[in-house]
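Written below as structure tokens is the structure these notes are about.
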Amino acid sequence: MSVARGKTPAAALLAVLLLVLLAAGCTGGDGSGSESRSSSPPGTGAKVLAVKIDNVAPARPQTGLDQADIVYVEQVEAGLSRLLAVYSSELPPVIGPVRSARETDLELLRQFDRPVLAFSGAQSGLLPAIDRAPLDAVPPSAAPRAYFRGPERPAPHNLYLRPERIPYAASGTEAVEALGLRFGPAPPGGRAEESRTVRFPSARTTFTWSAERERWLVSMDGSPARTSEGGRLGAATVIVQDVTVRPSAFGDRSGNNTPFTETVGSGTAHVLRDGKAYEARWARTSADADTAFTTPDGERIDLASGPLWIVYAPR
């Protein structure tokens with residue numbers, strides 16, 4: 001009995017401590033009992049970091065784009081193009097210029113397992129959709145120390161991200177694996193192709209095969225696309241995905257409608273790799289599903305090892 005009585009105060013103390021810890025876990029960081037998205041560290045469990053990158057002439061050359069595993073080319077207002085760069089295997093010290101997110105990004109990124117999205121901001125009407133999306137949003141307001149303005153360019157083309165200052169660590173694996181894609185040998189057939197250009201109303205992207213570098217060298221609006229260090233941007237595989245681009249409910253300050261690119265559905269595509277073009281089909285059954293790329297006979301198409309660029313070509 002004396003032993004039991006001796007343990008009672010300790011047991012009571014332990015119970016009190018447990019209650020305190022449970023209460024702390026049920027309240028937000030401000031003690032209000034609610035927790036906002038920004039109060040939980042972005043990137044928890046995320047496999048990729050996606051960064052929205054400017055692609056008009058004053059924004060070039062971009063920084064860190066050559067280390068992206070995947071680069072998406074999208075149509076935005078006034079027929080211009082913008083990039084969504086996806087990182088997983090490694091992170092450059094600086095990425096940018098960073099620009100605002102679009103509705104298209106939210107559907108596109110649902111292919112990944114809760115990605116981190118870095119962007120400069122968004123239209124007020126789109127912010128609730130971003131907050132509901134299954135991703136961790138990291139605009140400058142959520143991570144002010146991670147962003148800085150470069151002095152060599154005027155705003156808004158001078159916002160850059162230091163990814164080491166956000167709660168995200170590269171997984172060391174290629175982002176294509178998160179999409180259910182894999183590297184492997186080319187399919188049979190194909191036809192030799194030296195160059196392919198995809199045109200938007202006010203922008204064009206060209207890929208020219210370099211056998212010496214084993215890359216499709218990228219040009220934007222007729223000029224070679226380079227890194228801020230002067231190197232030429234290139235892709236091991238390019239997928240030109242024919243999609244429906246339609247008006248959305250959003251627009252910019254100049255009155256231009258923001259186009260929405262439909263990435264759920266199916267259609268035709270062309271896969272460029274190893275100096276050849278292959279006819280393909282793409283299919284994505286739902287927003288939560290990966291996009292499958294196959295030959296017209298239904299065989300999976302593998303990628304050449306290296307960066308992947310996917311261009312959403314209006315059909």
Side-chain angles (χ1 to χ4, degrees), residues 35-44 46 48-56 58-59 62 64-65 68 70-87 95-112 114-150 153-163 165-168 200 202-203 243 245-264 287 312:
E35 188 170 10
S36 67
R37 174 183 297 275
S38 61
S39 65
S40 58
T44 303
V48 304
L49 165 66
V51 185
K52 200 62 185 283
I53 295 182
D54 204 348
N55 195 36
V56 294
Q62 292 96 342
L65 198 56
I70 307 171
V71 177
Y72 292 93
V73 184
E74 311 169 5
Q75 182 177 324
V76 292
E77 297 84 2
L80 297 169
S81 64
R82 193 162 288 182
L83 309 177
L84 184 68
V86 179
Y87 300 83
I95 302 172
V98 181
R99 289 300 300 271
S100 54
R102 295 293 185 272
E103 186 183 13
T104 294
D105 304 322
L106 305 185
E107 182 173 282
L108 185 167
L109 287 171
R110 288 187 65 178
Q111 298 175 92
F112 298 96
R114 197 165 187 89
V116 174
L117 174 61
F119 59 105
S120 64
Q123 298 178 33
S124 59
L126 185 59
L127 292 176
I130 294 175
D131 191 60
R132 292 191 303 267
L135 55 80
D136 289 306
V138 190
S141 59
R145 293 184 63 255
Y147 291 87
F148 69 95
R149 294 279 180 185
R153 295 177 183 175
H157 313 294
N158 63 349
L159 182 66
Y160 293 88
L161 170 72
R162 292 187 179 97
R165 295 189 178 183
I166 63 175
Y168 174 81
F200 294 166
S202 303
V243 296
V245 180
R246 59 170 174 79
S248 74
F250 301 96
D252 66 13
R253 295 178 180 177
S254 299
N256 297 305
N257 183 264
T258 300
F260 178 79
T261 299
E262 296 182 1
T263 58
V264 173
Y312 290 126

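- Annotation for Ala133 and Leu106: closest pair CB-CD2, 4.3 Å, computed over non-hydrogen atoms.
- Atom-to-atom distance recorded for Arg145:CZ and Arg162:CZ is 9.0 Å, nearest 0.5 angstrom.
- Remark: Tyr160 engages Phe148 in a ring pair (Phe, Tyr, Trp, His ring centres under 6.0 Å) (not counting sequence neighbours).
- With hydrogens and angles disregarded, a donor-acceptor distance shorter than 3.5 Å links the side chain of Glu107 to the backbone of Thr263.
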Q: Go through the steps to decide whether Gln62 and Asp54 satisfy the test side chain to side chain contact (heavy atoms under 4.5 Å, CB included), and finish with yes or no.
A: CA-CA 8 Å; Gln62 292 96 342; Asp54 204 348; 5.9 Å; no

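- Rounded to the nearest 0.5 angstrom, Leu135 CG and Ile130 CD1 are separated by 7.5 Å.
- Between the NZ atom in Lys52 and the OH atom in Tyr72 there is a gap of 12.5 Å [rounded to 0.5 Å].
- A salt bridge links Glu77 to Arg102: at least one charged side-chain nitrogen sits closer than 4.0 Å to a carboxylate oxygen.
- Residues Asn257 and Ser248 form a side-chain contact, since some pair of their non-hydrogen atoms from C-beta on lies under 4.5 Å apart.
- Note that CD1 of Ile95 is 5.5 Å distant from CG of Leu49, once rounded to the nearest 0.5 Å.
- When every heavy atom of Ser120 is checked against every heavy atom of Pro140, the shortest pair comes out as O-CD, 3.6 Å.
- The two residues Ser202 and Leu80 have their closest heavy-atom pair at O-CD2, 3.6 Å.
- In this structure, Leu159 and Arg149 have side chains that are in contact, with non-hydrogen atoms separated by less than 4.5 Å.
- Side-chain contact between Phe200 and Val245: absent, with no pair of heavy atoms (C-beta onward) separated by less than 4.5 Å.
- Looking at heavy atoms from C-beta onward, Phe119 lies out of side-chain contact with Ser100 at the 4.5 angstrom threshold.
- Between the OH atom of Tyr147 and the OG atom of Ser141 there is a distance of 8.5 Å, given to the nearest 0.5 Å.
- Residues Ile166 and Leu161 have side chains in contact (heavy-atom distance under 4.5 Å, counting atoms from C-beta outward).
- The nearest pair of heavy atoms linking Ala142 to Pro144 is C-CD, 3.7 Å.
- Judged by distance alone, the side chain of Gln111 and the main-chain N or O of Leu108 form a donor-acceptor pair under 3.5 Å.
- To the nearest 0.5 Å, atom CG of residue Leu84 and atom CG of residue Asn55 are 12.0 Å apart.
- For the pair Tyr87 and Val51, the minimum side-chain heavy-atom distance is below 4.5 Å.
- Side-chain contact check for Val76 versus Arg99: every heavy-atom pair is 4.5 Å or farther apart.
- Side-chain contact between Arg110 and Val264 is absent, with no heavy-atom pair separated by less than 4.5 Å.
- Residues that satisfy the salt bridge (Lys or Arg N to Asp or Glu O under 4.0 Å) test with Arg153, not counting sequence neighbours, are absent from this structure.
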Q: Tell me, with the steps shown, if Glu74 and Asp105 meet side chain to side chain contact (heavy atoms under 4.5 Å, CB included).
A: CA-CA 9 Å; Glu74 311 169 5; Asp105 304 322; 2.8 Å; yes

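- The main-chain N or O of Val73 is never found under 3.5 Å from a side-chain atom of Ser81 such that the two would form a donor-acceptor pair.
- With hydrogens and angles disregarded, a donor-acceptor distance shorter than 3.5 Å links the side chain of Gln123 to the backbone of Gly251.
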Q. Run the side chain to side chain contact (heavy atoms under 4.5 Å, CB included) check on Tyr168 and Asp136 step by step: do they pass?
A. CA-CA 10 Å; Tyr168 174 81; Asp136 289 306; over 6 Å; no

